[in-house]
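Here the structure is laid out as C-alpha cells; the discussion comes afterwards.
As the structure is a computational prediction, the values presented were derived from the model and not from experiment. Residue numbers start at 1 and run along the sequence shown.
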Amino acid sequence: MSTARPPAFFPPGVPLSKRLFDLLLSGLALLLLSPLLLALALLVRHYHGRPVLFSQQRPGCRGRPFRLYKFRSMSDARDAQGNLLPDAERLTRLGRFLRSTSLDELPELFNVLRGEMSLVGPRPLLMQYLGRYSPEQMRRHDVLPGITGWAQVNGRNALSWEDKFRLDVWYVDHWTFWLDLRILLLTLAKVVQREGISQPGYATAEEFMGSPEKKDGLDGHG
C-alpha cells in the first residue's frame, strides 16, 4: 500500500491551469470566508467539544494517503460498553445543518492549498475501499480528489456506488478547465437545493463492500 508523502505545492501530473485555478480560488475563499470559518469553529467547539476538526486518512492521487480535515458533525456518544454509537445516532442537529449546507467541507480548502486535493475531482473515500475497487473503478484515483465532483452534481449520495464510480471515471477521461467551472457552478445550485445529501436510512451512505464483478473474481474485465 502507498505511504504518505509530504504534499507538493504543484503536484506532478496536475495540469498547471487546474492547479493555478485551485490556488487562486481556494486562497480567495479562505480569505473571504475566514469570519464564517471562525464562527463555525466556535459553534462546533460549543456543541461537540474538542477537537473542532474531524481528521481522517484518505486516499489521494494514485491512492497515496493524506489527512483530510472537516468540521466535526458528530458527537462522541457511546453505549454502556464504551463503543461509539452508529453514525445516525451521533449526528447532531448542528451536524445535520453543516452537512446539508456542505459547510462541514470548508476546512478541505486547506487540503487544496497544500496540493492534496483539488476543488473538483472524485471525492476521497475510505482507505479500506482501495482493495474493493475493480481496475476500472480504481482509475478514479488517477487524479487529485476533490471537494466536489461530477458525481456530486449528478446525484451525490442518492446514487449507487457503481454509478458514482462510473461518473468519477468519466470525469477522469473528460477533464477540461471548463468542465471544472461548470461543476463548481452546479455545486452552488445543489448546495442551495440540498439534494442527495444522504441515502435513506443512512447518515450519509452505506459502506461500499465491492462491486458485483469484483466479488465474483472478475475484477471488472467481464
Check your understanding: Can you name the nearest heavy-atom pair linking D168 to A151, along with the distance?
Key -> OD1-CB, 3.7 Å
**Study point:** Neighbour count above 12 (heavy atom, 6.0 Å) for Y47 OH
**Key:** no
Check your understanding: Can you check whether F177 reaches R182 side chain to side chain, under 4.5 Å on heavy atoms?
Key -> no
Review point. Quick one: do L109 and L188 end up in the same hydrophobic cluster if we chain Ile, Leu, Val, Met, Phe, Trp and Tyr together by side-chain heavy atoms under 4.5 Å apart?
Key: no
Review point. Side chains of P59 and H141: closer than 4.5 Å at any heavy-atom pair?
Key: yes
Practice item. Kindly work out whether a path of hydrophobic side-chain contacts (I/L/V/M/F/W/Y, heavy atoms less than 4.5 Å apart) joins L42 to L53. Key: no
Review point. Does P51 have any side chain to side chain contact (heavy atoms under 4.5 Å, CB included) partners at least two apart in sequence or in another chain, and if so, which?
Key: R72
Check your understanding: Does L144 belong to the same Ile/Leu/Val/Met/Phe/Trp/Tyr cluster as W170, with side-chain heavy atoms less than 4.5 Å apart forming each link?
Key -> no
Check your understanding: Q56 and R58: side-chain donor and acceptor closer than 3.5 Å?
Key -> yes
Exercise for review: Spell out, as yes or no, whether a donor-acceptor pair under 3.5 Å connects the side chain of N154 to the backbone of W150.
Suggested key: yes
Check your understanding: Roughly how far, to the nearest 0.5 Å, is the CG atom of L159 from the CG atom of L167?
Key -> 6.0 Å
Revision key, fill the gap. Closest non-hydrogen contact found for L130 with G63 is CD1-O, 4.1 Å
Exercise for review: Evaluate the side-chain proximity of L103 to L36: yes if any heavy-atom separation is below 4.5 Å, no if none is.
Suggested key: yes
Point to revise | With D142 via side chain to side chain donor-acceptor pair (under 3.5 Å) - residues at least two apart | key: R62
**Study point:** Qualifying residues under ring pair (Phe, Tyr, Trp, His ring centres under 6.0 Å), relative to Y129, sequence neighbours excluded
**Key:** W161, F208
Study note, to complete from the structure: Across all chains, not counting sequence neighbours, the side chain to side chain donor-acceptor pair (under 3.5 Å) partners of R67 are S55
Review point. Any sub-3.5 Å donor-acceptor pair from S102's side-chain atoms to E105's backbone N or O?
Key: no
Review point. Would a hydrophobic clustering, with Ile, Leu, Val, Met, Phe, Trp and Tyr connected at side-chain separations under 4.5 Å, put W178 with W175?
Key: yes
Study note, to complete from the structure: Applying side chain to side chain contact (heavy atoms under 4.5 Å, CB included) to P145 and not counting sequence neighbours gives F66, M117, P124
Practice item. Report whether F165 and L126 are members of the same hydrophobic cluster (ILVMFWY, side-chain heavy atoms less than 4.5 Å apart, transitive linking). Key: yes
Check your understanding: salt bridge (charged side-chain N to carboxylate O under 4.0 Å, His left out) with E108: which residues, sequence neighbours excluded?
Key -> R123
Point to revise | With H46 via ring pair (Phe, Tyr, Trp, His ring centres under 6.0 Å) - residues at least two apart | key: none
**Study point:** Student check: side-chain heavy atoms of M74 and T92 closer than 4.5 Å
**Key:** no
Practice item. Kindly write out the residues that satisfy side chain to side chain donor-acceptor pair (under 3.5 Å) with R90, not counting sequence neighbours, or none if the list is empty. Key: D87
Exercise for review: To the nearest 0.5 angstrom, please state how far the CZ atom of R139 sits from the OG atom of S134.
Suggested key: 9.5 Å
Practice item. Could you list the residues that satisfy side chain to side chain contact (heavy atoms under 4.5 Å, CB included) with V52, not counting sequence neighbours? Key: A41, V44, R45, F71
Review point. With ring centroids as reference points, do F54 and Y69 lie under 6.0 angstrom apart?
Key: no
Mind listing the side-chain donor-acceptor pairs of residues 12-35 below 3.5 Å, one per line with the distance, residues two or more places apart or on another chain?
| from | atom 1 | to | atom 2 | distance (Å) |
| --- | --- | --- | --- | --- |
| K18 | NZ | S118 | OG | 3.2 |
| K18 | NZ | V120 | O | 3.0 |
| K18 | NZ | Y171 | OH | 2.9 |
| K18 | NZ | D180 | OD2 | 2.6 |
| R19 | NE | F9 | O | 2.6 |
| R19 | NH1 | V112 | O | 2.6 |
| R19 | NH2 | F9 | O | 2.9 |
| R19 | NH2 | V112 | O | 3.4 |
| R19 | NH2 | L113 | O | 2.8 |
| D22 | OD1 | S118 | OG | 3.3 |
| D22 | OD1 | L119 | N | 3.2 |
| D22 | OD2 | S118 | OG | 2.7 |
| S26 | OG | D22 | O | 2.5 |
| S34 | OG | L31 | O | 3.0 |

Practice item. Please list, chain by chain and in numerical order, all residues satisfying side chain to side chain contact (heavy atoms under 4.5 Å, CB included) with T187, sequence neighbours excluded. Key: T148, V153, I183, V191
Check your understanding: Is there side-chain contact between V169 and Q137, with at least one heavy-atom pair below 4.5 Å?
Key -> no
Review point. Could you give the distance from OG (S73) to CG (L94), rounded to the nearest 0.5 Å?
Key: 8.5 Å
